[in-house]
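Okay, structure first, notes after.
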Amino acid sequence: MNVFYEESGSFKVGTIVSRADASLQVDTLHGKRAKIKSSNVFLEFSSTLADFLPAAEKMADEIDLDFLWECSPEDEFEHDVLAADYWGHAPSALESAAIILRVFGAPMYFYKKGKGRYKKAPEEALKAALAGIERKKREQEQIDGWVAELKAGTLPEAIRSQLMTLLWKPDKNTLEFKAFDQAARELNQPPLKLAQSVGGISSVPDYLMAGFLMEYFPKGSGFGKYAPPLLPEELPLSEVAAFSIDDANTTEIDDALSVVDLPDGNKRVGIHIAAPTLGVPVDSDIEKLVWGRLSTVYFPGGKITMLPDDVVQAFTLQEGQDCPALSLYVDVTPDFEPVAYESRIERVRIAANLRHAELEQQFNEDTLLNDPGVDYPFKRELTWLWHFANALEKRRGKYDPTRPVQMDYNFDVVDGKVLITLRKRGAPMDKLVSELMILANSEWGRMLAEADIPAMYRAQSMGKVRMTTRPEPHIGLGVAQYAWATSPLRRATDFVNQRQLTAMIRGEKPQFEQGNAMLFALLRDFDTTYSAYLGFQDKLEHFWCLRWFTQEGVSNVTATFIKEDLVRIDGLPLRVRIPGLPELARGDRIQLSVIRIDELMAEIEFRFVGVVGHVEAASEEEEG
């Protein structure tokens, strides 16, 4: 005698070898002996073992499910009752097995209520389930169609409209993602490469920008509606004539300088900072924009400003205008020793916006040391300020004329072409501005600390730079405290600190007092967001470095060895790892040939050619 039984959710047949009270020993179709529970046996039969299950499955497939559901009892039923009703007579073992298989394999039609017991699904539930099956079938047909198009090199319009979302922030439940993912897997390609191959990525910078905007500007980079800034109350007009020093493309001119002679032989240096906080009330629309954006985003070929253009134009230190400013005046002896400090809220006449490109041709180390006869605007002030800047650098313990020269890189993108230019770090105009800003930031930080007013500081110890609301030393700069306060048009930290400084100068209650939770939240958000903005800038600069090789037709370069397999490409802000380098010393210059460039994947490969020389290399800390 043979048995038809269930085991682990599937039906099997076997020949009985022996019986016990609650179990059977059977030989399966494959000749294996198995022990099964008697309760798992649905029926016994005497027909040929090998033919029974295929015949029952064939018969089950021919049973109309809808008709079987219609003729099922409303209440719970046993399988043999349904079999008798369906066949119209006492069913054979084969007919019973067919009913069991059909009912068991249709869980939408019949709910399992126990071993061999079922209940028909309610009509509405069945209709909903069948509609779901039909929908899934149509969806799969749609997916299959899109996959076929993608594999044929065509980008379906439905996927094109969502492509950046699929690449950067995919919803894995959408049909578009399922199709794109399936096509990528079947073609054995990364999704990014598939997107490129079907024409979905025509511009790598646009692709990178789309991802950045999706993450940090999901509502777009526009400002929407906001109440315009207020004109500051009438402010006293300073007697100085100030000048700024910036790149030609700078519109957010935050800082300007002035120098006047004092009767006692000292000079008074003015460090004048744009004062947007004077026209942006607390809790105003514009302040909310500052808290939301936290910084201007810079990248080659463009920027996304922290403040709207009309706000920038109202407070930028524009040539020929009397601009609201927060000024720090420093009295300096003929020996370049600062002896007195005073902070003022005032209007400052901006006599000139000097630009790097023009100024550097006239104001540089060569003209300062070798050609004093050259004349240019504010020559006397600039020359004296350069000497003062050197003295300030010495006071910080950072002056080292023997230190290897480091280079800064400027990126300019015009009509899809990149121009990468070098500027020596520590050039006179750079040192002049940076030293005076360090002076202002450290002194204003000291004043806030002495007034017990919290601020946003940058601190460095053990080589790690971090943000804090308490004054702590910045070892890298050599100052006791360093509060960012000189770029309020571009950074939320400086905007916050200007609010605090204004309250200190006026003797008013500051917006943020010690322990203020919002101040801590702003500091945390700024630190994270600012790092992300810098990371995006680095990513785009890396792309334009790769594009430069192709654009300029460069296939061979020199590089400077740093350590292990890390080298710095000469003339570019590009560091790469080159496996298999021979043993080299830090500062060795080597020849490399370009093997492969993949702009989309941000990859470049070089082959080592040989050693061509050696240069005195800066330390890793100095390079950082």
Side-chain angles (χ1 to χ4, degrees), residues 1-137 139-140 182:
M1 185 63 67
N2 302 319
V3 290
F4 174 76
Y5 64 96
E6 180 191 358
E7 185 178 69
S8 302
S10 62
F11 290 92
K12 300 178 181 180
V13 292
T15 301
I16 299 174
V17 176
S18 64
R19 298 177 186 268
D21 291 340
S23 64
L24 300 173
Q25 292 278 349
V26 300
D27 285 340
T28 68
L29 276 173
H30 305 291
K32 293 183 178 180
R33 184 155 297 182
K35 183 179 180 180
I36 62 173
K37 293 181 179 179
S38 299
S39 59
N40 288 346
V41 176
F42 281 87
L43 52 88
E44 298 184 7
F45 62 95
S46 57
S47 56
T48 306
L49 184 68
D51 296 336
F52 185 84
L53 196 54
E57 290 173 344
K58 183 176 184 298
M59 186 178 291
D61 290 341
E62 294 171 353
I63 295 174
D64 187 312
L65 263 178
D66 293 314
F67 178 70
L68 183 64
W69 178 84
E70 288 176 3
C71 67
S72 301
E74 295 298 327
D75 297 325
E76 292 185 19
F77 57 87
E78 299 281 350
H79 67 85
D80 54 353
V81 173
L82 179 59
D85 287 346
Y86 181 80
W87 298 111
H89 56 261
S92 66
L94 190 62
E95 289 171 334
S96 291
I99 291 295
I100 292 170
L101 290 170
R102 194 58 164 155
V103 172
F104 185 87
M108 288 187 301
Y109 285 80
F110 302 100
Y111 300 155
K112 190 175 181 181
K113 294 297 182 179
K115 186 69 67 175
R117 290 185 61 80
Y118 297 91
K119 180 176 176 59
K120 68 187 299 183
E123 184 176 1
E124 290 302 317
L126 178 60
K127 286 182 178 179
L130 292 174
I133 290 293
E134 184 60 29
R135 185 187 70 253
K136 288 183 178 179
K137 180 182 177 182
E139 289 176 350
Q140 190 57 52
Q182 181 178 330

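Just so you know, residue 1 is the first one in the sequence shown, and it goes up from there.
In this structure, Glu134 and Lys137 have side chains that are in contact, with non-hydrogen atoms separated by less than 4.5 Å. Taking 4.5 Å as the limit, every side-chain heavy atom of Leu101 sits out of range of all side-chain heavy atoms of Ile63. Side chains of Tyr109 and Val103 form no contact here, defined as non-hydrogen atoms less than 4.5 Å apart. Looking only at side-chain heavy atoms (C-beta outward), Tyr118 and Leu82 stay at 4.5 Å or farther from each other. Contact of the Met59 side chain with the Leu94 side chain is registered, since non-hydrogen atoms from C-beta on lie closer than 4.5 Å. You'll find the side chain of Phe104 stays beyond 4.5 Å of the side chain of Ser10, heavy atoms only.
Residues forming a ring-ring contact (aromatic ring centres under 6.0 Å, His included) with Tyr5 (at least two apart in sequence, or on another chain): none. Considering only residues two or more places apart in sequence or on other chains, Lys32 meets the side chain to side chain contact (heavy atoms under 4.5 Å, CB included) condition with Thr28. Shown here are the side chain to side chain contact (heavy atoms under 4.5 Å, CB included) partners of Glu74, two or more places apart in sequence or in another chain: Lys120.
Note that CH2 of Trp87 and OG of Ser96 are 9.5 Å apart. Values are rounded to the nearest 0.5 Å. Between Leu43 atom CG and His79 atom NE2 the span is 7.0 Å, to the nearest 0.5 Å. Note that the OG1 atom of Thr15 and the CZ atom of Arg33 stand 10.0 Å from one another [nearest 0.5 Å]. Of the inter-residue distances, the one linking Lys119 atom NZ with Phe77 atom CZ reads 9.0 Å to the nearest 0.5 angstrom. Note that CE of Met1 and CZ of Arg19 are 7.5 Å apart. Values are rounded to the nearest 0.5 Å. Taking CD1 of Ile100 as the reference point, atom CD of Glu78 lies at 10.5 Å (rounded to 0.5 Å).
Smallest separation of non-hydrogen atoms from Ser23 and Ser38: N-OG, 3.1 Å. Listed here is the closest heavy atom pair of Trp69 and Pro122: CZ2-C, 4.4 Å.
Between Glu7 and Lys12, at least one side-chain N (NZ, or NE/NH1/NH2) sits under 4.0 Å from a carboxylate O, which counts as a salt bridge.
The aromatic rings of Phe11 and Phe4 sit parallel to each other, their planes meeting at less than 30°, with 60° as the upper class boundary.
Counting heavy-atom neighbours within 6.0 Å of His89 NE2, excluding the residue itself, gives a total above 12. More than 12 heavy atoms of other residues, nucleotides or ligands shown are found within 6.0 angstrom of NZ on Lys115.
A donor-acceptor pair under 3.5 Å is formed between the side chain of Asn2 and the backbone N or O of Ser47.
For the salt bridge (charged side-chain N to carboxylate O under 4.0 Å, His left out) criterion with Glu76, the lone passing option out of Lys113, Arg117, Lys112 is Arg117.
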